[in-house]
Q: 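So that we are looking at the same thing, I have put the structure below in structure tokens.
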Amino acid sequence: MSRSRYAGRHRAPAEPSRGRHVVVPIALLSTTIAGGIVVRSAGASELTPEAAAIKHLSNTVAGLGLDVREQALAAANERPAVATTQVSRELSRAAVASAVSLTDEKTSDVEAAVKKAKAEADKQAEEEARRQAQRWVAPISNYRLTSGFGWRWGRMHPAQDFGAPVGTPVLAMSSGTVIFSGWSNQGYGYMVQVRYWDGTVSWFAHNSRLTVSVGEQVSPGQVVAYSGNTGHSTGPHLHLEIHTPGGGAVNPRSWFAQKGINI
Ligand SMILES: [Zn+2]
């Protein structure tokens, strides 16, 4: 049997016409998007022992999470010495080492990309949740504006009145905490006060019914009361005061306009 007609347990006889099988195995490699390595367009019977080793390695390390280096060394070692090969075992080991190095690099690239994409998705979800929690909404719908902010009958009216039928839902204008909910002795009737995330406080007065308690967390649009005609009131309406952080009552219409809310 000639040296070139070796028939091992795992290989078909090499074709004599191929001559010296000195190849640079790395040249046969191409990376896959999965981070593994494949031997491009080469059937098993066409492979040199080194390329076959690389292909075996590729199959071995295809899954992420394996101990790639250990698997590669095992793959290199498990091949029996082949007397007919023209390429040294050292070259084979070097090629395997190169391949493993490339695989490690690709694996960490993929892991880094996955990690980055996940972090970006988390960040966007957080940002969206924050936007939702911090959005502002009008406190009532189906109303008509009655008394506005300013002097009225010789007294300051530090509020906007919304004429509405008794029982119209009154809504939290954003995320916040209920700081008052009960009967007011100052003429406000059944009143709710909410302090929002930015320190702004809204007063909802003259309600018929209250649905929240002091200390309760509320979210934008949550029903906190139903409008009414309690306290010093001349007709069914919501009396809304807006107190900015550290300041007094401001004109609700101007304040809403700054938030982009038309009332
Ligand atoms: Zn009023």
Side-chain angles (χ1 to χ4, degrees), residues 124-263:
Q124 282 180 12
E126 251 173 54
E127 180 65 21
E128 179 56 23
R130 190 192 60 76
R131 261 200 303 274
Q132 288 297 319
Q134 297 188 350
R135 76 189 199 277
W136 294 95
V137 300
I140 192 168
S141 53
N142 299 323
Y143 57 84
R144 69 189 170 85
L145 295 178
T146 51
S147 287
F149 183 92
W151 290 95
R152 184 180 67 175
W153 306 318
R155 281 188 62 183
M156 180 63 184
H157 179 244
Q160 175 66 54
D161 288 349
F162 299 78
V166 172
T168 303
V170 175
L171 314 175
M173 290 155 39
S174 191
S175 294
T177 307
V178 177
I179 58 172
F180 181 89
S181 182
W183 180 259
S184 158
N185 290 321
Q186 279 98 46
Y188 292 101
Y190 285 113
M191 180 164 66
V192 173
Q193 294 178 343
V194 178
R195 175 175 287 124
Y196 300 101
W197 56 270
D198 71 341
T200 301
V201 178
S202 67
W203 297 22
F204 302 122
H206 308 310
N207 299 292
S208 57
R209 188 154 71 88
L210 310 178
T211 61
V212 290
S213 310
V214 171
E216 198 170 324
Q217 303 294 308
V218 294
S219 48
Q222 181 178 332
V223 175
V224 297
Y226 291 95
S227 70
N229 191 24
T230 59
H232 298 164
S233 174
T234 56
H237 75 286
L238 167 67
H239 168 103
L240 170 69
E241 293 187 21
I242 293 179
H243 296 245
T244 54
V250 297
N251 186 339
R253 290 195 78 174
S254 312
W255 186 89
F256 278 118
Q258 284 172 11
K259 301 291 181 194
I261 296 171
N262 267 326
I263 63 163

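Whatever order the structure lists them in is the order used to number ligands and atoms, beginning at 1. Numbering of residues begins at 1 and proceeds along the displayed sequence. Quantities reported herein were computed from a predicted structural model and do not represent experimental measurements.
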Q: So, is His157 placed with an N/O/S atom under 2.8 Å from the Zn ion (ligand 1), counting both backbone and side chain?
A: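 Looking at His157, which is the residue asked about, there is an N, O or S atom under 2.8 Å from the Zn ion (ligand 1).
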Q: For the Zn ion (ligand 1), what is the closest N, O or S atom on His239?
A: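 Of all N, O or S atoms in His239, the Zn ion (ligand 1) lies closest to ND1.
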Q: So which of His206, His239, Arg144 actually passes side chain to side chain donor-acceptor pair (under 3.5 Å) with Asp161?
A: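 The side chain to side chain donor-acceptor pair (under 3.5 Å) with Asp161 is passed solely by His239 among His206, His239, Arg144.
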Q: Looking only at heavy atoms, what is the nearest atom pair of Pro252 and Leu240, with distance?
A: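 Heavy atoms only, the tightest pair is CG-O, 3.7 Å.
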Q: Does His237 put an N, O or S atom under 2.8 Å from the Zn ion (ligand 1)?
A: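 So His237 does not bind the Zn ion (ligand 1) by this criterion.
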Q: Could you check whether the rings of Trp136 and Trp255 sit parallel, tilted or perpendicular, using 30° and 60° as the cut-offs?
A: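 Because their plane-to-plane angle is over 60°, the rings of Trp136 and Trp255 count as perpendicular.
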Q: Please name the atom of Asp161, limited to N, O or S, that comes nearest to the Zn ion (ligand 1).
A: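 The atom in question is OD1.
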Q: Is a side-chain N or O of Ser208 found less than 3.5 angstrom from the main chain of Ser227, in a donor-acceptor match?
A: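 Yes, because the side chain of Ser208 sits within donor-acceptor range (under 3.5 Å) of the backbone of Ser227.
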